[in-house]
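In this text the structure is predicted, and so the values were computed from the model without any measurement.
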Amino acid sequence: MTPLPAAALAELTAVVGAANLLTDPGARAPYEADWTGRFTGSTPAVIRPADRDEVAAIIAVCRRHGIALVPQGGNTGLVGGGVPRAGELVVSLRRLDTIEPVDTVARQVTAGAGATIGAVQAAASAAGLRYAVDLAARDSATVGGTIATNAGGLNLLRYGGTREQLLGVDAVLGNGDRVTRLGGLLKDNTGYPIASLLCGSEGTLGIVTAARLRLVTRLEHGVVALIAFDGVADAVDAVSRWRSALDTLEAAELFLDAGLQLVCDAFALAPPFPTRWPAYVLVEAAAHDDPTPALAAAVAATPTAREVAVATDPTRRRALWRYREDHTLAIAPVGTPHKLDVTLPLSLLAAFADDIPNRIAAARPEARTWLFGHVGDGNLHVNVTGVAADDDTVDDIVLTRVAELGGSISAEHGIGTAKIRWLSRNRTADELHAMRALKQAWDPDGILNPHALLPPL
């Protein structure tokens with residue numbers, strides 16, 4: 001790690017004040033490792049701007065002095081994209097947490113990049129609406145971070161991911177240009193969609209400081225069901241049928257018996273059924289009228305469904321969701337996980353899920369593989385424990401196989417630093433050239449997250 005030049009340190013201090021430029025090792029430490037502990041780094045300082053003007057001033061200082069920086073939100077990323085792996089300056093956006101009053105007529109809200117998803121959800125709910133992006137890390141993941149990775153989450157099946165909710169941004173590009181489009185127009189065909197380009201760019205093109213977000217109807221009636229199956233193939237087929245039969249389906253989550261037992265043991269939860277089954281799907285449906293009868297009929301018409309647990313009251317619904325959402329928390333104590341977030345063609349998802357643990361075990365017998373994910377959109381989270389954090393053998397096995405099957409090596413977590421060497425499996429040389437051209441235009445000095453996303457030339 002190279003210390004900041006004295007002149008740069010003085011200029012940055014003048015921008016944010018001494019209290020918001022953290023140089024003490026103890027103060028920096030929480031920003032230097034990701035949630036899993038697999039990806040760590042070191043930074044000469046953490047700078048915490050309060051608004052867009054301060055972000056612009058920080059970028060200007062960094063350009064003058066040739067200082068690389070890494071934007072960081074809630075630091076819930078899982079691919080090393082928000083960690084100063086090469087000694088970059090960390091720009092923490094958590095102070096940009098303002099949420100403006102909800103526009104109930106337009107059904108939109110403007111939120112700062114540092115606002116958590118949970119806070120946006122609460123603001124929307126108080127106005128009788130809902131923010132559709134939801135994920136287990138909702139109370140720590142931020143608006144800016146989810147935009148950087150184009151987070152999908154639990155409700156993508158019905159509402160789409162972050163990009164589909166993004167109506168505009170306030171941002172500072174790496175060249176210092178400021179983009180301000182927070183009007184929220186639903187139809188605005190006046191050139192390149194800059195907000196969409198920034199969404200998923202992992203902080204390599206610009207720093208988003210605020211966003212205009214689409215809100216959806218808050219549906220008063222909901223039901224959650226947990227269904228057991230003899231295998232992943234039956235689960236995938238059932239969800240496909242339910243998607244055709246039900247227009248109220250919001251989520252369809254897959255997990256396996258090993259993961260369920262781990263969650264139950266970790267949190268002293270009673271198993272949902274007296275019998276253990278190989279695979280489980282948790283589904284949620286919501287509507288203005290009670291969706292329970294329609295969901296019950298669809299499940300009853302599924303001959304492969306073995307056991308069913310249904311919950312309509314909020315407390316019991318949350319209890320059923322724990323079996324799925326607590327997977328990540330339950331896996332962490334087993335060991336530092338390799339978290340591989342991938343998408344498969346739905347027709348090949350079951351075969352992949354059955355096969356990949358065997359491939360991993362053949363190469364690393366000490367490894368344990370945990371599979372769960374968003375079965376409706378083909379997204380599996382492959383978690384592997386028992387392997388050294390810097391041993392990427394299992395990463396190569398999983399990501400190579402995904403690419404061979406025509407899948408994506410990153411469904412919603414991004415490329416970060418963890419998956420750079422495999423990006424060419426999903427992107428052609430011409431596509432990578434186009435990405436680098438955009439990077440050069442918007443960040444000509446190469447200071448924005450320079451070691452993330454794009455492979456070195």
Side-chain angles (χ1 to χ4, degrees), residues 154 157 223-246 249-266 269-285 292 294-311 316-317 319-328 330-331 340 342-362 367-384 398 401-402 405 407 411:
L154 304 172
L157 193 65
V223 58
V224 173
L226 181 63
I227 304 98
F229 293 92
D230 287 327
V232 176
D234 288 343
V236 172
D237 181 69
V239 171
S240 177
R241 293 172 183 271
W242 298 337
R243 290 185 66 190
S244 296
L246 302 166
L249 203 61
E250 299 215 323
E253 300 293 303
L254 172 75
F255 52 92
L256 307 184
D257 181 62
L260 174 63
Q261 298 307 314
L262 184 69
V263 169
C264 290
D265 291 343
L269 301 180
F273 307 117
T275 302
R276 295 174 63 168
W277 298 96
Y280 303 86
V281 171
L282 183 145
V283 294
E284 182 165 19
T292 306
L295 178 60
V299 173
T302 305
T304 54
R306 296 306 182 213
E307 291 194 72
V308 183
V310 178
R316 180 60 180 151
R317 285 158 58 185
L320 286 181
W321 264 107
R322 286 198 66 184
Y323 294 122
R324 161 60 179 90
E325 286 203 322
D326 283 358
H327 267 63
T328 297
I331 290 169
L340 302 164
V342 300
T343 305
L344 280 303
L346 281 170
S347 61
L348 301 176
L349 188 147
F352 174 85
D354 291 340
D355 173 60
I356 203 65
N358 297 327
R359 290 178 180 250
I360 292 170
R368 300 181 70 185
T369 302
W370 316 92
L371 298 177
F372 57 94
H374 316 301
V375 65
D377 53 51
N379 178 193
L380 277 184
H381 298 301
V382 183
N383 285 234
V384 183
V398 173
R401 185 57 178 155
V402 167
L405 295 174

(request) Check the surroundings of atom CZ in Arg306: do more than 12 heavy atoms from other residues, nucleotides or ligands lie under 6.0 Å from it? (result)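 For Arg306, atom CZ is crowded (more than 12 foreign heavy atoms under 6.0 Å).
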Nearest heavy-atom neighbours spanning [X] and [Y]:
X      : Y      : result
Tyr280 : Trp277 : OH-N, 2.9 Å
Trp242 : Val281 : CZ3-CG1, 4.2 Å
Ala266 : Ala330 : CB-CB, 3.9 Å
Asp377 : Thr343 : O-CG2, 3.7 Å
Leu254 : Val232 : CD2-CG1, 4.1 Å
Arg317 : Ala311 : CG-O, 3.3 Å

(request) Decide yes or no on side chain to side chain contact (heavy atoms under 4.5 Å, CB included) for Asp230 and Thr304, but give the supporting numbers first. (result) CA-CA 7 Å; Asp230 287 327; Thr304 54; over 6 Å; no
Under a 4.5 Å cut-off applied to non-hydrogen side-chain atoms, are [X] and [Y] in contact?
X      : Y      : answer
Cys264 : Tyr323 : yes
Glu307 : Pro274 : yes
Phe255 : Leu226 : yes
His327 : Trp370 : no
Pro278 : Asp234 : no

(request) Would you give the length of the straight line joining atom CG of Leu295 to atom CD1 of Ile227, rounded to the nearest 0.5 angstrom? (result)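 Between Leu295 CG and Ile227 CD1, I get 6.5 Å after rounding to 0.5 Å.
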(request) Output the distance between atom CZ (Arg401) and atom CD1 (Ile360), rounded to the nearest 0.5 Å. (result)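 Interatomic distance, Arg401 CZ to Ile360 CD1, rounded to 0.5 Å: 12.5 Å.
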(message) Quick one: does any side-chain atom of Arg276 pair with a main-chain N or O of Phe273 as donor and acceptor, under 3.5 Å?
(response)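 No, the answer is negative, given that no donor and acceptor are paired below the 3.5 Å cut-off.
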(message) Determine whether a donor-acceptor pair (N or O, by modelled atom type, separation under 3.5 Å) exists between the side chain of Asp257 and the backbone of Ala279.
(response)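 Here the side-chain-to-backbone pair does not exist.
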(request) Have a look at Leu340 and tell me which of Val382, Leu380, Val402, Asn383 forms a side chain to side chain contact (heavy atoms under 4.5 Å, CB included) with it. (result)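 Output: one option passes, namely Val382.
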(request) Verify side chain to side chain contact (heavy atoms under 4.5 Å, CB included) between Leu157 and His374, making sure each step is shown before the conclusion. (result) CA-CA 8 Å; Leu157 193 65; His374 316 301; over 6 Å; no
Taking only distance into account, with no hydrogens and no angle test, what donor-acceptor pairs under 3.5 Å do side-chain atoms of residues 346-359 form with protein atoms, sequence neighbours excluded?
residue	atom	partner	partner atom	Å
Asp355	OD2	Arg359	NE	2.4
Asn358	ND2	Asp354	O	3.4

(message) Which residues pass the salt bridge (charged side-chain N to carboxylate O under 4.0 Å, His left out) test with Asp326, not counting sequence neighbours?
(response)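 Asp326: salt bridge (charged side-chain N to carboxylate O under 4.0 Å, His left out) contacts with Arg322.
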(request) Assess the side chains of Trp321 and Glu253: does a donor N or O sit below 3.5 Å from an acceptor N or O? (result)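 The criterion, which ignores hydrogens and geometry beyond distance, is not satisfied for Glu253 and Trp321.
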